[in-house]
Amino acid sequence: MPPSATATGRVSVITGATSGIGRVAAAGLARRGDTVILVGRDPARGQAALEQLVAETGNPLLSFLAADLSSMAEVRRLADQLRARHDRIDLLVNNAGALFQRRRESVDGVELTFALNHLAYFLLTDLLTGPLQRSGAGRVVSVASMAHRNAVLNLDDLPLVRGYSGWRAYQRSKLANILFTRALARRLSRFGITAACLHPGFIATRFGDDNGGLFALALGAAKRLFAESAEVGGGRILFLATALTLEPGAYYVRNRVSPPSAAAQSEPAAERLWQVSLELTRQWRDPGAEAAPAPIS
Ligand SMILES: NC(=O)c1ccc[n+]([C@@H]2O[C@H](COP(=O)([O-])OP(=O)(O)OC[C@H]3O[C@@H](n4cnc5c(N)ncnc54)[C@H](OP(=O)(O)O)[C@@H]3O)[C@@H](O)[C@H]2O)c1
């Protein structure tokens, strides 16, 4: 622990903590003295990030859990591990996400962007509702994006088989993050849990690099010219994670509440998305496994 930091007793879980803005936010939470559980899909990268963050922050209360969050069975396994270790969770940051230039499906047969960027947020939050409730002041921060603007939810065409575009799939998933946050805030406020989401900015991270080809080249050039640093983007996650109060269900840009697109403010769309998400994750949801069940449906 750095000389200035004392343990806060807070338990924070952050997905996508091995890289980019998630890693920066995890470092900030560690510097505050939180117990931080870093989640990533690659055990070797996770172990390396863990060791670096412990050395950087001096906080020994960090751990790493591996899960490929595009698989709902892995989300379930992760939640089981978290619940076994932590009776109480104060903060969940849903951050892990990606863009896939070529259409792919998850192991569960769901379009991969929707599975990783939305369904994982939905299911992990659902399974951790009990520990978040026991915090007394639980908070769920979801990383959305300005990319949601002009997005179409189109739940009648979840697979996006015809005319797939990586950008459109990504836009839809980020619209889903904002609609999910609205519906979540409404459902969870009675349990003292606050939910909000944010656009972190256009940030120079590894985001999109895996795609290779022209897309990655163009994105790389844009990042060099226009992007802000991972420290700035991660700092915006930290703002929502640590602000004394947040507007429930709100979308934040540059640390301020900002109106999202009209499509992202549609209550019927938020409810429809909720029902579809319940259906797609039903097999892995098990409210009965909670000692004090707090289902979010
Ligand atoms: N960068 C931007 O300009 C920008 C703008 C708006 C929103 N965002 C959002 O910010 C979030 C973080 O992105 P970033 O820019 O920090 O990108 P990044 O550097 O690529 O980090 C993404 C993180 O997600 C993890 N991840 C990816 N696929 C995963 C999977 N299947 N299971 C578990 N973890 C997985 C990655 O793990 P690995 O280390 O194993 O790859 C990494 O830790 C995303 O939700 C993104 O949509 C980014």
Side-chain angles (χ1 to χ4, degrees), residues 16 20-21 93-101 103 110-122 125 139-160 162-189 194-203 205 207-208 215 218-219 222-223 226-228 232-233 236-237 239-240 243 246-278 280 296:
I21 59 179
V93 181
N94 289 311
N95 165 71
L99 182 153
F100 305 100
Q101 234 349 51
R103 185 184 177 281
V110 177
E111 188 281 310
L112 191 59
T113 329
F114 191 78
L116 173 63
N117 293 8
H118 166 64
L119 285 182
Y121 285 23
F122 180 88
T125 306
R139 186 170 289 191
V140 180
V141 172
S142 295
V143 180
S145 172
M146 190 83 92
H148 80 278
R149 296 203 174 277
N150 305 318
V152 180
L153 192 60
N154 200 359
L155 293 173
D156 294 325
D157 184 16
L158 271 185
L160 291 180
R162 262 176 294 140
Y164 178 84
S165 133
W167 178 244
R168 269 201 298 136
Y170 180 71
Q171 283 189 294
R172 175 173 74 174
S173 71
K174 293 292 146 180
L175 172 60
N177 295 159
I178 301 173
L179 291 168
F180 162 63
T181 300
R182 290 176 82 86
L184 183 70
R186 214 176 26 250
R187 284 172 164 81
L188 294 191
S189 61
T194 308
C197 64
L198 74 150
H199 168 58
F202 178 43
I203 307 294
T205 61
F207 185 83
F215 175 82
L219 185 62
K223 282 182 201 167
F226 307 115
E228 297 178 281
V232 171
R236 291 177 180 143
I237 297 179
F239 175 83
L240 265 73
L246 287 180
E247 187 173 313
Y251 168 70
Y252 284 72
V253 177
R254 294 181 178 270
N255 301 347
R256 285 168 194 267
V257 174
S258 174
S261 68
Q265 297 183 46
S266 163
E267 296 302 337
E271 285 311 310
R272 174 99 202 283
L273 174 67
W274 194 274
Q275 295 311 322
V276 168
S277 306
L278 277 180
L280 288 169
I296 58 178

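The residues of the chain are indexed from 1 along the displayed sequence.
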Could you work out, with ring-ring contact (aromatic ring centres under 6.0 Å, His included) as the rule, every residue matching Phe207, not counting sequence neighbours?
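Scan of Phe207 (ring-ring contact (aromatic ring centres under 6.0 Å, His included), adjacent residues dropped) gives Tyr170.
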Just to verify, what does His199 make a ring-ring contact (aromatic ring centres under 6.0 Å, His included) with, not counting sequence neighbours?
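His199 satisfies ring-ring contact (aromatic ring centres under 6.0 Å, His included) with no residue once adjacent residues are dropped.
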Among pairs that include at least one residue of residues 249-267, which meet salt bridge (charged side-chain N to carboxylate O under 4.0 Å, His left out), considering only residues two or more places apart or in two chains?
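Sorted result for residues 249-267: Arg182-Glu267, Arg186-Glu267, Glu228-Arg254.
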Relative to each other, are the rings of Phe239 and Tyr252 parallel, tilted or perpendicular (30° and 60° limits)?
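Tilted: the ring planes of Phe239 and Tyr252 meet at 30° to 60°.
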When rounded to the nearest 0.5 angstrom, what is the spacing between [atom1] in [X] and [atom2] in [Y]?
X: Phe100; Y: Leu116; atom1: CZ; atom2: CG; answer: 5.0 Å
X: Leu273; Y: Leu175; atom1: CG; atom2: CG; answer: 8.0 Å
X: Asp157; Y: Tyr164; atom1: CG; atom2: OH; answer: 12.0 Å
X: Ile178; Y: His118; atom1: CD1; atom2: NE2; answer: 12.5 Å
X: Leu198; Y: Arg236; atom1: CG; atom2: CZ; answer: 9.0 Å
X: Leu240; Y: Asn255; atom1: CG; atom2: CG; answer: 7.5 Å

Find out whether [X] and [Y] are in side-chain contact, i.e. whether some heavy atom of one side chain is under 4.5 Å from a heavy atom of the other.
X: Leu280; Y: Leu158; answer: yes
X: Phe122; Y: Asn94; answer: no
X: Phe180; Y: Ser142; answer: yes
X: Pro200; Y: Ile21; answer: yes

Do you know the tightest heavy-atom contact between [X] and [Y]?
X: Pro260; Y: Tyr251; result: CB-CD2, 3.8 Å
X: Ala264; Y: Leu179; result: O-CD2, 3.5 Å
X: Ala96; Y: Tyr121; result: O-CE1, 3.5 Å
X: Phe114; Y: Ala176; result: CE1-CB, 4.5 Å
X: His148; Y: Ser261; result: NE2-N, 3.0 Å

Got a sec, which residues hit salt bridge (Lys or Arg N to Asp or Glu O under 4.0 Å) with Arg103, two or more places apart in sequence or on another chain?
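With sequence neighbours excluded, Arg103 shows a salt bridge (Lys or Arg N to Asp or Glu O under 4.0 Å) to Glu105, given in chain and number order.
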side-chain hydrogen bond (donor to acceptor under 3.5 Å, both in side chains) partners of Gln265, counting only residues at least two apart:
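Checked Gln265 against side-chain hydrogen bond (donor to acceptor under 3.5 Å, both in side chains); zero matches.
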With sequence neighbours left out, what residues match Ala195 under side-chain contact (heavy atoms from CB on, under 4.5 Å)?
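By the side-chain contact (heavy atoms from CB on, under 4.5 Å) rule, Ala195 matches Val140, Thr181, Leu184, Ala185.
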